[in-house]
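Contents: one structure, followed by commentary.
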Amino acid sequence: MPELPEVETVANGVHERVHGQLIERVWTSGKPQTFKSPESEIEAVLTGARIERVRRVGKTIAVSLGSRGEFLVHLGMTGRLLVSSPEVPLPPHTHAVLSLSGGNELRFVDARRFGRLSVAAAYEGPGAEPLTIGEDDFVALFRGRKLAIKAALLNQALLHGVGNIYADESLFRAKIRPRRQAGRLTRAELLRLRTELVGVLKNAIKLGGSSVSDYVDADGVRGFFQLEHKVYGRAGEDCKDCGTGLKKVVVGGRTTVYCPMCQR
DNA sequence: CTGACATCCTGACGGC
DNA sequence: TGCCGTCAGGATGTCA
């Protein structure tokens, strides 16, 4: 499932291949819940627009269209944003096709339809940016919060971009149990969490993200960070650091895996 | 306001 | 082999 590193990889890859190009034609599938803005509005804004920049904001891909605003793509769980030749057959579950002046198509494909397309004037994202937030601001995010630290990490209004994989992986590396109350973590623990979170996100970006279900980048290529996972997807296996059996619980409504020995 | 929980959707996987 | 039930999860909406 695409989180910050996967979305960043896709956004950068798409940017390289489409910036500066004109959107000549737009086709949309008509599946209602895929479109957060009316399809007619999306088509009107996109058709004839020039793509200035493609970047990541939280887990959202924001395509800047100059004075026309931004085209926002949220990949949900199984969404893919692909740059393809028109000669390549449309994959099943294609929901939008943008024909570009460079001759290629920008395609949005999403089997499970948790992804969303919309247009907006400008997009800032709901929360703070994990890669650039300072120490004091990071610590302040969790002050007084009674929910579990894992649930707090998943809350996009606090930090945006972190999902289930990198929440579990950063908590393991920071040696913090996922169910600890966020507001009761010490400053030292939160600073450790910030360091490990930034580290794991940057490392994952370097490796092209984690391909666990069907995540691929703009060229359809899989990432490699799943090979570095210490806990995510490893329920029932042994901790790579200490050999203790990893535990699986539900926190914040999400499957959560942790090491009861390493994480306190 | 804060937090907990159900809901959407379909492919993959396990069991028999 | 093939069928069927279960599971996965980001954002949103509802409820306490």
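None of these values were measured; they are calculated from a predicted model. Quick note: numbers below take in every heavy atom, side chains included, and nothing from hydrogens, waters or symmetry partners. All chains are named by letter (A, B, ...) in the order of the sequence lines, taking the proteins before the strands, and each is independently numbered beginning at 1.
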Discussion item. Output the rounded distance in Å from CZ (R116(A)) to P (dG9(C)).
Written reply: 18 Å
Discussion item. So, OP1 or OP2 of dG3(B): does either fall under 4.0 Å of a side-chain N or O from R145(A)?
Written reply: yes
Worksheet item: Which nucleotide in the list dC9(B), dA11(C), dG9(C) gets nearest to the side chain of Q33(A)?
Response: dC9(B)
Practice prompt. Take atom CE of M77(A) and atom P of dC7(C), then tell me their distance rounded to the nearest Å.
Written response: 15 Å
Worksheet entry | Phosphate contact (dC8(B) OP1 or OP2) by R113(A) side-chain N/O below 4.0 Å | no
Worksheet item: Whom does dA12(B) pair with, Watson-Crick or G-U wobble, provided both distances fall under 3.5 Å?
Response: dT6(C)
Worksheet item: Over how many whole Å does the gap from N164(A) atom CG to dC7(C) atom C1' extend?
Response: 13 Å
Worksheet item: Would you say F114(A) stacks on dA11(C), if stacking means ring centres under 5.5 Å apart and planes within less than 30 degrees?
Response: no
Worksheet item: To the nearest Å, how far apart are R143(A) CZ and dT2(B) P?
Response: 15 Å
Practice prompt. Flag the pair E43(A) and R25(A) as a salt bridge only when some basic side-chain nitrogen lies within less than 4.0 angstrom of an acidic carboxylate oxygen.
Written response: no
Discussion item. Whether T78(A) contacts dC9(B) is assessed here as follows: a side-chain N or O lying under 4.0 Å from the phosphate OP1 or OP2. Is that the case?
Written reply: no
Practice prompt. Looking only at side-chain atoms of K36(A), point me to the closest of dT12(C), dG10(C), dG9(C).
Written response: dT12(C)
Worksheet item: Is the phosphate of dG10(C), meaning OP1 or OP2, less than 4.0 Å from a side-chain N or O of Y166(A)?
Response: no
Fill in: Euclidean distance, atom CZ of residue R184(A) to atom C1' of dG3(B) [Å, nearest integer]
16 Å
Worksheet item: Is the shortest side-chain N/O distance from H93(A) to OP1 or OP2 of dT10(B) below 4.0 Å?
Response: no
Discussion item. If the threshold is 4.0 Å, N to carboxylate O, is there a salt bridge linking E189(A) and R180(A)?
Written reply: yes
Worksheet entry | Sugar-phosphate only, base, or nothing, as touched by K248(A) at under 4.0 Å among non-hydrogen atoms | sugar-phosphate
Discussion item. If hydrophobic clusters are built by linking Ile, Leu, Val, Met, Phe, Trp and Tyr wherever their side-chain heavy atoms come under 4.5 Å apart, do V257(A) and I165(A) end up in the same one?
Written reply: no
Fill in: Between dG9(C) (P) and R254(A) (CZ): distance, integer Å
7 Å
Practice prompt. Report the residue (K146(A) or K31(A)) whose heavy-atom-nearest nucleotide on DNA chain B is the more 5′ of the two.
Written response: K146(A)
Worksheet item: Would you call R55(A) and E70(A) a salt bridge, taking side-chain N to carboxylate O under 4.0 Å as the test?
Response: yes
Worksheet item: Whole-Å distance between dG9(C) C1' and L4(A) CG?
Response: 17 Å
Practice prompt. Specify the separation, in whole Å, of atom CZ of F142(A) and atom C1' of dG3(B).
Written response: 16 Å
Discussion item. Do T78(A) and V109(A) have side chains that approach each other closer than 4.5 Å (heavy atoms only, starting at C-beta)?
Written reply: no
Worksheet item: Given dA8(C), dT10(B), dA11(C), which nucleotide is nearest the side-chain atoms of Q156(A)?
Response: dA11(C)
